[in-house]
Amino acid sequence: MTTDVSAPARAVHAGIIGGGFMAAVHSRAARAASGALAGSASSSAGRAAEAAERLGIAAAYDSAEELLADPAIDVIHVCTPNTTHADYARAALLAGKHVICEKPLATNAADAAELAGLAAERGLVAAVPFIYRFHPMAREARARIAAGDAGPLVSVHGAYLQDWLADPQADDWRVDPALGGPSRAFADIGSHLVDLLEFVAGERILRLNARTRTVYPNRAGRDAIATEDLVAVVVELAGGAIGTLLISQVAPGRKNALVVELSGARETVRFEQERPERLWLGRVDGSRLVDRDPARLSSEAARLSLVPAGHPMGYQDAFNAFVADAYAAIGGARPEGLPDFADGLRSARVTEAVLASARSGDWAEVAA
């Protein structure tokens, strides 16, 4: 069922903490949602001023605390290194602000649970950008599974492969656990894969068995890197389906290869993020491709299809749709499938189960 989603009665005034790549993505999405880019804060007043000028934000604040204290700001976008997310999100909620916090919401499940509880207690919109849910054909896959077209789920398969750290000398702040947290590849991109898989399947992973590997432990002169470059996981879903997931940041030639494939008793449904305009449907007597055509899609897939068939939509469109739904929720709407802090908590619990299984070499239960 589609929920009516309309723009808030007045422009949402947004403050962005951080000034890097994700801040730029958030700023474009806020602007597309008719938000007012009201304030910028960063690690210093100078960095905030530079980000404000580059991103077209109205004002730069000397500190995040000053930004949070401004009563004109409605929502805070947290776009900073992972280990700072929980503190900024908590401060924003305590200041009475709605929050859109980059994932991971927190680098441990205890902090994520506290934040989810605080957001619920305060009655504030608190969202995490698991934005691959917002590709129209991902919604179409979900609708087909929910309608029973595929039959009861038997197996699932997923992968998220990138190559931006395939060079042994490649470096990034995420490699440092003090900034990125105890998990790298899984928390960064495996979280997206699991969220999309569970969202499309309409079922959760009950238990898993994981193996992790750090391929380059001395990357770019750093000593004894502890965070993982790749992860392989066997999963069991609530309905009995079993499957495999592979996550890698060191797969040469793979740029953003996010794939989910769900096989039911009658049909397999496959969505590929790098080819987001179509679904592959497989049956014993043949397979076919379903193109994104809003006139022939489920209601939610059609709602997210902003341009006619044959005009490609992509990553920024999905991000724009996520922010638009978050802003609509701030205005009182109840958009379908908006990922919130409870979903951020879910991600933290799955990540902790993956790390626990990798340490023990045994199966780990995923906390509900």
Side-chain angles (χ1 to χ4, degrees), residues 103-105 108-109 112 128 130 132-133 135 138 141-142 144-146 148 150-162 181-213 227-251 254 256-273 279-280 282 337 339 342-368:
K103 52 88 197 133
L105 173 59
N108 63 76
V128 178
F130 289 118
Y132 298 108
R133 297 181 177 196
H135 282 294
R142 182 176 190 246
R144 287 171 179 267
I145 295 294
L153 285 182
V154 175
S155 67
V156 296
H157 163 70
Y160 201 156
L161 308 178
Q162 297 178 334
S183 172
R184 176 165 35 92
F186 193 86
D188 186 21
I189 58 177
S191 57
H192 278 300
L193 173 59
V194 168
D195 179 79
L196 185 60
L197 176 65
E198 292 188 335
F199 184 70
V200 172
E203 296 183 17
R204 287 188 163 184
I205 295 169
L206 289 184
R207 57 201 301 260
L208 54 83
N209 198 313
R211 298 295 180 271
T212 64
R213 184 181 174 197
T227 54
E228 74 281 359
D229 290 317
L230 59 89
V231 187
V233 192
V234 178
V235 299
E236 180 181 336
L237 272 63
I242 59 173
T244 59
L245 310 177
L246 181 64
I247 298 98
S248 176
Q249 294 176 324
V250 292
R254 294 299 187 185
N256 217 58
L258 169 59
V259 176
V260 291
E261 183 172 302
L262 301 92
S263 294
R266 293 187 296 274
E267 182 176 78
T268 295
V269 180
R270 179 182 177 92
F271 172 76
E272 300 182 24
Q273 194 275 153
L279 290 181
W280 181 86
D343 296 298
L345 170 58
R346 172 65 182 171
S347 179
R349 286 174 170 164
V350 174
T351 300
E352 288 194 347
V354 165
L355 295 181
S357 174
R359 285 193 300 268
S360 70
D362 204 351
W363 287 85
E365 304 291 323
V366 182

Closest non-hydrogen atoms of Ser155 and Ala241, given as atom of the first, atom of the second and distance, are N-CB, 4.0 Å
Under 3.5 Å: donor-acceptor pair, side chain of Glu272, backbone of Ala257
no
Are the side chain of Glu228 and the backbone N or O of Ala185 linked by a donor-acceptor pair below 3.5 Å?
yes
Side chains of Asn256 and Gln162: closer than 4.5 Å at any heavy-atom pair?
yes
Closest contact, heavy atoms only, Ala141 versus Val269
CB-CG1, 3.8 Å
Pairwise side-chain contact, Val354 with Leu208, heavy-atom cut-off 4.5 Å (strictly under):
yes
Report yes or no: do Arg207 and Asn209 form a side-chain donor-acceptor pair below 3.5 Å?
no
Does some side-chain heavy atom of Ile189 sit less than 4.5 Å from a side-chain heavy atom of Leu258?
no
Tell me if a side-chain donor or acceptor on Ser357 pairs with a main-chain N or O of Asp362 at a distance below 3.5 Å.
yes
If you take all heavy atoms of Ile145 and Ala201, which pair is closest and at what distance?
CG2-O, 3.8 Å
Okay, side chain of Arg133, backbone of Phe199: is any donor-acceptor separation there less than 3.5 Å?
no
Is there side-chain contact between Trp280 and Thr268, with at least one heavy-atom pair below 4.5 Å?
yes
Are Leu196 and Tyr160 packed together at the side-chain level, in the sense that at least one heavy-atom pair is separated by less than 4.5 angstrom?
no
Please determine whether side chain to side chain contact (heavy atoms under 4.5 Å, CB included) holds for the pair Leu246 and His157, giving the CA-CA distance in whole Å, both sets of side-chain angles, and the decisive distance to 0.1 Å.
CA-CA 9 Å; Leu246 181 64; His157 163 70; over 6 Å; no
Test side chain to side chain contact (heavy atoms under 4.5 Å, CB included) applied to Val366 and Val235, step by step
CA-CA 10 Å; Val366 182; Val235 299; over 6 Å; no
Does Val156 form a side chain to side chain contact (heavy atoms under 4.5 Å, CB included) with Val260? I'd like the steps, not just the answer.
CA-CA 8 Å; Val156 296; Val260 291; over 6 Å; no
Does a side-chain heavy-atom distance below 4.5 Å link Leu197 with Leu262?
yes
With respect to Ile247, which candidate in Leu230, Leu193, Val194 satisfies the side chain to side chain contact (heavy atoms under 4.5 Å, CB included) definition?
Leu193
If you look at every heavy atom in Ser347 and Ser191, which pair is closest and at what distance?
OG-CB, 3.3 Å
Okay, side chain of Arg266, backbone of Gly148: is any donor-acceptor separation there less than 3.5 Å?
yes
Between Glu203 (side chain) and Gly239 (backbone), is there a donor-acceptor pair under 3.5 Å?
yes
Might you work through the side chain to side chain contact (heavy atoms under 4.5 Å, CB included) test for Glu365 and Trp363, ending with a clear yes or no?
CA-CA 7 Å; Glu365 304 291 323; Trp363 287 85; 5.7 Å; no
Using atom types as modelled and distance alone, determine if a side-chain donor or acceptor of Arg346 lies under 3.5 Å from a backbone N or O of Ala368.
no
Parallel, tilted or perpendicular: which fits the ring planes of His192 and Phe130, with parallel below 30° and perpendicular above 60°?
perpendicular
Does this structure show an ion pair linking Arg144 with Glu267, if we count only N-O contacts that are shorter than 4.0 Å?
no
Give a yes or no on whether the backbone of Asn108 and the side-chain of Glu352 come within a donor-acceptor separation of less than 3.5 Å.
no
Using side-chain heavy atoms (C-beta onward) and a distance below 4.5 Å, is Phe186 in contact with Leu355?
no
Which residue, Asp343, Asp188, Asp195, forms the side chain to side chain donor-acceptor pair (under 3.5 Å) with Lys103?
Asp188
